[in-house]
Visitor: 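Here you go, one structure.
Heads up: numbering here begins at 1 and tracks the sequence. Only a predicted model underlies this, so the values are computations on that prediction, with no experimental measurement involved.
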Amino acid sequence: MRDDISDYLAELVRRSRDVLGDDLVGAYAAGSVGLGAYQPGRSDVDVALVVAGPLPEADGRLLVDRLRHESLPCPARGLELVVYRRDVAASGTPEPGFEVELNTGATMPFRATYDPADRPAADGRFWYALDRSILRQSGLALLGPPAAAVFADPSPEKLRVLLADALRWWLALPTPPGDEPAPGAEDAVLGACRALVRSRDGVWLGKVDAGLRVAADDPDAALVRASIEARRGGTPPSGPAARAFQRRVLDRITAG
(Lines give C-alpha, C1' and ligand atoms only; values in the text may rest on other atoms or scores of the structure.)
Protein backbone atom coordinates (compact mmCIF):
# COMPACT_ATOMS: atom_id res chain seq x y z
CA MET A 1 0.00 0.00 0.00
CA ARG A 2 1.27 3.49 -0.81
CA ASP A 3 2.52 5.42 2.21
CA ASP A 4 0.07 8.29 1.68
CA ILE A 5 -2.88 5.90 1.57
CA SER A 6 -1.62 3.96 4.61
CA ASP A 7 -1.15 7.16 6.61
CA TYR A 8 -4.57 8.42 5.57
CA LEU A 9 -6.29 5.20 6.60
CA ALA A 10 -4.50 5.20 9.97
CA GLU A 11 -5.74 8.72 10.68
CA LEU A 12 -9.25 7.84 9.47
CA VAL A 13 -9.38 4.94 11.93
CA ARG A 14 -8.06 7.11 14.76
CA ARG A 15 -10.74 9.75 14.16
CA SER A 16 -13.43 7.09 13.85
CA ARG A 17 -12.45 5.64 17.22
CA ASP A 18 -12.54 9.12 18.74
CA VAL A 19 -16.17 9.49 17.62
CA LEU A 20 -17.45 5.92 18.03
CA GLY A 21 -15.40 4.66 20.96
CA ASP A 22 -16.01 1.06 21.96
CA ASP A 23 -18.97 0.82 19.56
CA LEU A 24 -16.48 0.59 16.68
CA VAL A 25 -16.12 -3.15 16.04
CA GLY A 26 -13.86 -2.94 12.99
CA ALA A 27 -12.56 -0.87 10.10
CA TYR A 28 -11.80 -2.36 6.68
CA ALA A 29 -10.24 -1.16 3.46
CA ALA A 30 -12.46 -2.30 0.62
CA GLY A 31 -12.65 -1.84 -3.15
CA SER A 32 -9.44 -1.44 -5.11
CA VAL A 33 -7.28 -1.15 -1.98
CA GLY A 34 -8.58 -4.42 -0.59
CA LEU A 35 -8.27 -6.14 -3.98
CA GLY A 36 -4.71 -4.88 -4.51
CA ALA A 37 -5.85 -2.98 -7.60
CA TYR A 38 -5.45 0.65 -6.48
CA GLN A 39 -4.59 2.95 -9.40
CA PRO A 40 -3.32 6.43 -8.45
CA GLY A 41 -5.32 9.21 -10.03
CA ARG A 42 -8.22 6.91 -10.86
CA SER A 43 -9.17 4.82 -7.85
CA ASP A 44 -11.12 5.86 -4.79
CA VAL A 45 -10.37 4.85 -1.22
CA ASP A 46 -13.22 2.61 -0.05
CA VAL A 47 -13.69 1.97 3.67
CA ALA A 48 -16.29 0.07 5.68
CA LEU A 49 -16.75 0.68 9.38
CA VAL A 50 -18.66 -1.84 11.48
CA VAL A 51 -20.41 -0.75 14.66
CA ALA A 52 -21.97 -2.78 17.45
CA GLY A 53 -25.51 -1.43 17.11
CA PRO A 54 -27.66 1.35 15.65
CA LEU A 55 -25.70 4.58 15.25
CA PRO A 56 -27.34 7.74 16.64
CA GLU A 57 -27.67 10.29 13.88
CA ALA A 58 -25.76 12.86 15.93
CA ASP A 59 -22.78 10.48 16.04
CA GLY A 60 -23.10 9.84 12.32
CA ARG A 61 -23.05 13.56 11.58
CA LEU A 62 -20.04 14.08 13.84
CA LEU A 63 -18.25 11.23 12.06
CA VAL A 64 -18.95 12.85 8.69
CA ASP A 65 -17.64 16.18 9.97
CA ARG A 66 -14.42 14.55 11.16
CA LEU A 67 -13.83 12.50 8.00
CA ARG A 68 -14.98 14.72 5.15
CA HIS A 69 -12.29 15.93 2.78
CA GLU A 70 -12.30 19.45 4.17
CA SER A 71 -11.34 18.06 7.59
CA LEU A 72 -9.19 15.08 6.53
CA PRO A 73 -7.90 15.54 2.95
CA CYS A 74 -8.11 12.34 0.94
CA PRO A 75 -5.01 11.64 -1.18
CA ALA A 76 -7.06 9.71 -3.75
CA ARG A 77 -9.88 10.86 -6.03
CA GLY A 78 -12.11 10.58 -3.00
CA LEU A 79 -13.30 8.57 -0.03
CA GLU A 80 -16.32 6.28 -0.20
CA LEU A 81 -17.12 5.26 3.36
CA VAL A 82 -20.03 3.16 4.61
CA VAL A 83 -20.92 2.32 8.20
CA TYR A 84 -22.76 -0.97 8.91
CA ARG A 85 -24.14 -2.53 12.05
CA ARG A 86 -22.44 -5.80 12.94
CA ASP A 87 -25.65 -7.79 12.47
CA VAL A 88 -26.22 -6.34 8.99
CA ALA A 89 -22.66 -7.08 7.90
CA ALA A 90 -23.11 -10.70 8.99
CA SER A 91 -26.58 -11.19 7.52
CA GLY A 92 -25.96 -11.60 3.80
CA THR A 93 -28.89 -9.28 3.12
CA PRO A 94 -29.17 -7.84 -0.41
CA GLU A 95 -30.46 -4.57 1.04
CA PRO A 96 -28.20 -1.49 1.51
CA GLY A 97 -28.53 -1.68 5.30
CA PHE A 98 -26.08 1.11 6.12
CA GLU A 99 -26.06 3.53 9.04
CA VAL A 100 -24.05 6.25 7.30
CA GLU A 101 -22.73 6.69 3.78
CA LEU A 102 -20.13 9.35 2.99
CA ASN A 103 -18.66 10.30 -0.37
CA THR A 104 -16.12 13.08 -0.22
CA GLY A 105 -13.02 14.22 -2.08
CA ALA A 106 -11.38 16.95 -4.09
CA THR A 107 -12.93 15.68 -7.34
CA MET A 108 -15.91 13.77 -5.92
CA PRO A 109 -19.36 15.25 -5.29
CA PHE A 110 -20.05 15.37 -1.56
CA ARG A 111 -22.76 13.08 -0.26
CA ALA A 112 -23.74 12.17 3.28
CA THR A 113 -26.71 9.84 3.78
CA TYR A 114 -28.02 8.67 7.14
CA ASP A 115 -30.88 6.41 6.04
CA PRO A 116 -30.90 3.95 3.12
CA ALA A 117 -34.42 5.15 2.27
CA ASP A 118 -32.88 8.50 1.32
CA ARG A 119 -30.53 6.91 -1.19
CA PRO A 120 -31.86 7.74 -4.71
CA ALA A 121 -33.01 4.53 -6.38
CA ALA A 122 -31.53 5.75 -9.66
CA ASP A 123 -28.05 5.59 -8.09
CA GLY A 124 -28.41 1.87 -7.46
CA ARG A 125 -29.18 -0.05 -4.28
CA PHE A 126 -27.16 -3.13 -5.26
CA TRP A 127 -23.70 -1.67 -4.55
CA TYR A 128 -23.71 -2.35 -0.82
CA ALA A 129 -24.30 -6.10 -0.81
CA LEU A 130 -21.77 -6.50 -3.63
CA ASP A 131 -19.26 -4.44 -1.66
CA ARG A 132 -19.85 -6.56 1.44
CA SER A 133 -19.24 -9.68 -0.64
CA ILE A 134 -15.93 -8.21 -1.83
CA LEU A 135 -15.11 -7.31 1.77
CA ARG A 136 -15.72 -10.89 2.91
CA GLN A 137 -13.19 -12.12 0.37
CA SER A 138 -10.60 -9.35 0.29
CA GLY A 139 -11.32 -6.74 2.95
CA LEU A 140 -8.15 -5.49 4.62
CA ALA A 141 -8.64 -5.26 8.39
CA LEU A 142 -7.42 -1.90 9.70
CA LEU A 143 -9.02 -2.55 13.09
CA GLY A 144 -10.88 -5.52 14.52
CA PRO A 145 -11.30 -9.17 13.44
CA PRO A 146 -10.62 -10.46 9.92
CA ALA A 147 -13.15 -9.32 7.35
CA ALA A 148 -14.17 -12.91 6.58
CA ALA A 149 -15.37 -13.24 10.18
CA VAL A 150 -17.50 -10.10 9.95
CA PHE A 151 -19.05 -9.93 6.47
CA ALA A 152 -21.31 -12.47 4.76
CA ASP A 153 -22.10 -13.19 1.11
CA PRO A 154 -25.65 -13.02 -0.22
CA SER A 155 -27.08 -16.36 -1.31
CA PRO A 156 -25.99 -17.44 -4.82
CA GLU A 157 -29.41 -16.56 -6.25
CA LYS A 158 -29.46 -13.13 -4.62
CA LEU A 159 -25.90 -12.48 -5.76
CA ARG A 160 -26.85 -13.30 -9.34
CA VAL A 161 -29.76 -10.84 -9.13
CA LEU A 162 -27.46 -8.15 -7.72
CA LEU A 163 -24.89 -8.67 -10.46
CA ALA A 164 -27.62 -8.44 -13.09
CA ASP A 165 -28.99 -5.26 -11.49
CA ALA A 166 -25.51 -3.72 -11.61
CA LEU A 167 -25.17 -4.54 -15.30
CA ARG A 168 -28.58 -3.08 -16.07
CA TRP A 169 -27.59 0.08 -14.18
CA TRP A 170 -24.47 0.44 -16.33
CA LEU A 171 -26.52 -0.19 -19.49
CA ALA A 172 -28.96 2.57 -18.52
CA LEU A 173 -26.24 5.22 -18.43
CA PRO A 174 -26.16 7.56 -21.42
CA THR A 175 -23.41 6.95 -23.95
CA PRO A 176 -22.57 8.41 -27.39
CA PRO A 177 -24.42 6.45 -30.11
CA GLY A 178 -21.69 6.47 -32.78
CA ASP A 179 -18.41 4.65 -33.23
CA GLU A 180 -16.29 7.37 -31.64
CA PRO A 181 -14.45 6.56 -28.39
CA ALA A 182 -16.70 6.95 -25.35
CA PRO A 183 -14.84 7.93 -22.17
CA GLY A 184 -16.05 5.70 -19.35
CA ALA A 185 -16.99 2.83 -21.64
CA GLU A 186 -13.84 1.03 -20.54
CA ASP A 187 -15.09 0.92 -16.95
CA ALA A 188 -18.42 -0.44 -18.14
CA VAL A 189 -16.65 -3.25 -20.03
CA LEU A 190 -14.30 -4.11 -17.19
CA GLY A 191 -17.09 -3.90 -14.64
CA ALA A 192 -18.94 -6.48 -16.73
CA CYS A 193 -15.79 -8.62 -16.76
CA ARG A 194 -15.63 -8.50 -12.97
CA ALA A 195 -19.29 -9.52 -12.71
CA LEU A 196 -18.73 -12.38 -15.15
CA VAL A 197 -15.68 -13.67 -13.29
CA ARG A 198 -17.52 -13.58 -9.95
CA SER A 199 -20.51 -15.37 -11.42
CA ARG A 200 -18.49 -17.92 -13.38
CA ASP A 201 -15.43 -18.50 -11.18
CA GLY A 202 -16.68 -17.49 -7.73
CA VAL A 203 -13.93 -14.94 -7.09
CA TRP A 204 -13.76 -11.16 -6.98
CA LEU A 205 -10.91 -9.55 -8.92
CA GLY A 206 -9.93 -5.98 -9.63
CA LYS A 207 -11.29 -4.69 -12.93
CA VAL A 208 -8.03 -5.04 -14.84
CA ASP A 209 -7.33 -8.52 -13.47
CA ALA A 210 -10.88 -9.58 -14.30
CA GLY A 211 -10.45 -8.20 -17.81
CA LEU A 212 -7.23 -10.13 -18.30
CA ARG A 213 -8.93 -13.34 -17.16
CA VAL A 214 -11.88 -12.85 -19.51
CA ALA A 215 -9.65 -11.82 -22.42
CA ALA A 216 -7.76 -15.11 -22.18
CA ASP A 217 -10.63 -17.03 -23.80
CA ASP A 218 -13.39 -14.60 -24.82
CA PRO A 219 -14.41 -13.78 -28.41
CA ASP A 220 -14.41 -10.08 -27.46
CA ALA A 221 -10.85 -10.25 -26.17
CA ALA A 222 -9.77 -7.30 -28.35
CA LEU A 223 -12.47 -5.08 -26.84
CA VAL A 224 -11.51 -6.12 -23.32
CA ARG A 225 -7.81 -5.50 -23.93
CA ALA A 226 -8.59 -2.08 -25.42
CA SER A 227 -10.57 -1.27 -22.25
CA ILE A 228 -7.60 -2.26 -20.11
CA GLU A 229 -5.33 -0.01 -22.15
CA ALA A 230 -7.85 2.84 -21.83
CA ARG A 231 -7.39 2.74 -18.07
CA ARG A 232 -3.70 3.35 -18.73
CA GLY A 233 -4.30 6.32 -21.00
CA GLY A 234 -5.30 4.59 -24.23
CA THR A 235 -8.40 5.09 -26.36
CA PRO A 236 -11.66 3.81 -24.84
CA PRO A 237 -14.06 1.66 -26.85
CA SER A 238 -17.22 3.05 -28.40
CA GLY A 239 -20.49 3.11 -26.53
CA PRO A 240 -22.27 0.60 -28.80
CA ALA A 241 -19.37 -1.86 -28.58
CA ALA A 242 -19.35 -1.63 -24.79
CA ARG A 243 -23.12 -2.06 -24.60
CA ALA A 244 -23.09 -5.13 -26.82
CA PHE A 245 -20.49 -6.74 -24.57
CA GLN A 246 -22.42 -5.82 -21.42
CA ARG A 247 -25.63 -7.31 -22.82
CA ARG A 248 -23.85 -10.54 -23.66
CA VAL A 249 -22.46 -10.77 -20.12
CA LEU A 250 -25.91 -9.98 -18.69
CA ASP A 251 -27.41 -12.80 -20.72
CA ARG A 252 -24.78 -15.24 -19.42
CA ILE A 253 -25.30 -14.25 -15.80
CA THR A 254 -29.11 -14.33 -15.92
CA ALA A 255 -29.03 -17.70 -17.69
CA GLY A 256 -27.46 -19.10 -14.53
Visitor: Quick one: do R200 and D218 make a salt bridge, cutoff under 4.0 Å?
Guide: no

Visitor: Could you pull out the closest heavy-atom pair between L205 and R194, with the gap in Å?
Guide: O-CD, 2.8 Å

Visitor: Going from CG on L79 to NE2 on H69, what distance comes out if it is rounded to the nearest 0.5 angstrom?
Guide: 10.5 Å

Visitor: Is a side-chain donor or acceptor of R77 paired with a backbone partner of G41 at a separation under 3.5 angstrom?
Guide: no

Visitor: Using a 6.0 Å cut-off, check whether atom CG of D87 has over 12 heavy atoms from anything other than its own residue.
Guide: yes

Visitor: Taking side chain as C-beta onward, heavy atoms only, is W127 less than 4.5 Å from R119?
Guide: yes

Visitor: Main chain of R15, side chain of R66: is a donor-acceptor contact present, judged purely on distance under 3.5 Å?
Guide: no

Visitor: Is V83 reachable from L143 through a run of I, L, V, M, F, W or Y residues, each pair having side-chain heavy atoms under 4.5 Å apart?
Guide: yes

Visitor: Using modelled atom types and a 3.5 Å cut-off, is there a donor and acceptor pairing between side-chain atoms of E186 and backbone atoms of G184?
Guide: yes

Visitor: Any salt bridge linking D18 with R14? Criterion: basic side-chain nitrogen under 4.0 Å from a carboxylate oxygen.
Guide: yes

Visitor: Any non-hydrogen side-chain atom of R198 less than 4.5 Å from a side-chain atom of L159?
Guide: yes

Visitor: Is a side-chain N or O of S227 found less than 3.5 angstrom from the main chain of L223, in a donor-acceptor match?
Guide: yes

Visitor: Nearest 0.5 Å, what's the CG-OH distance between L49 and Y28?
Guide: 10.0 Å

Visitor: Is it true that, when you exclude D22 itself, more than 12 heavy atoms of the residues, nucleotides or ligands shown sit nearer than 6.0 Å to its CG?
Guide: no

Visitor: For a quick test of reading the model, state the closest non-hydrogen atom pair linking A90 to A152 and the distance between them.
Guide: O-CB, 3.4 Å

Visitor: Strictly below 4.0 Å, N to O, side chains only: are R42 and D187 in salt-bridge contact?
Guide: yes

Visitor: Rounded to the nearest 0.5 Å, what separates atom CG in L24 from atom CZ in R86?
Guide: 11.0 Å

Visitor: On a heavy-atom basis, which atom in A76 and which in Y38 lie closest, and how many Å separate them?
Guide: CB-OH, 3.3 Å

Visitor: Run the ring pair (Phe, Tyr, Trp, His ring centres under 6.0 Å) test against F245 and tell me which residues pass, sequence neighbours left out.
Guide: none

Visitor: Counting distance only, does the side-chain N/O of R243 pair as donor-acceptor with the main-chain N or O of L171 below 3.5 Å?
Guide: yes

Visitor: Are the side chain of T254 and the backbone of D251 linked by a donor-acceptor contact shorter than 3.5 Å?
Guide: yes

Visitor: Ignoring hydrogens and geometry, is there a side-chain-to-backbone donor-acceptor pair from S16 to L12 under 3.5 Å?
Guide: yes

Visitor: Please report the closest heavy-atom contact between G178 and S238, naming both atoms and the distance.
Guide: O-CB, 3.8 Å

Visitor: Determine the minimum heavy-atom distance between P145 and V150, stating which atoms define it.
Guide: CG-CG2, 3.6 Å

Visitor: For D3, is there any backbone N or O sitting under 3.5 Å from a side-chain donor or acceptor partner on S6?
Guide: no

Visitor: How long is the span from the CG atom in L140 to the CG atom in D46, to the nearest 0.5 Å?
Guide: 12.5 Å

Visitor: In Å and rounded to the nearest 0.5 Å, what is the CD to CG distance from E57 to D59?
Guide: 10.5 Å

Visitor: Can you name the nearest heavy-atom pair linking P236 to A182, along with the distance?
Guide: CB-O, 3.6 Å

Visitor: Keeping E99 on the side-chain end and L55 on the backbone end, is there a donor-acceptor pair under 3.5 Å?
Guide: yes

Visitor: Is a donor on one side and an acceptor on the other found under 3.5 Å between the side chain of R61 and the backbone of P56?
Guide: no

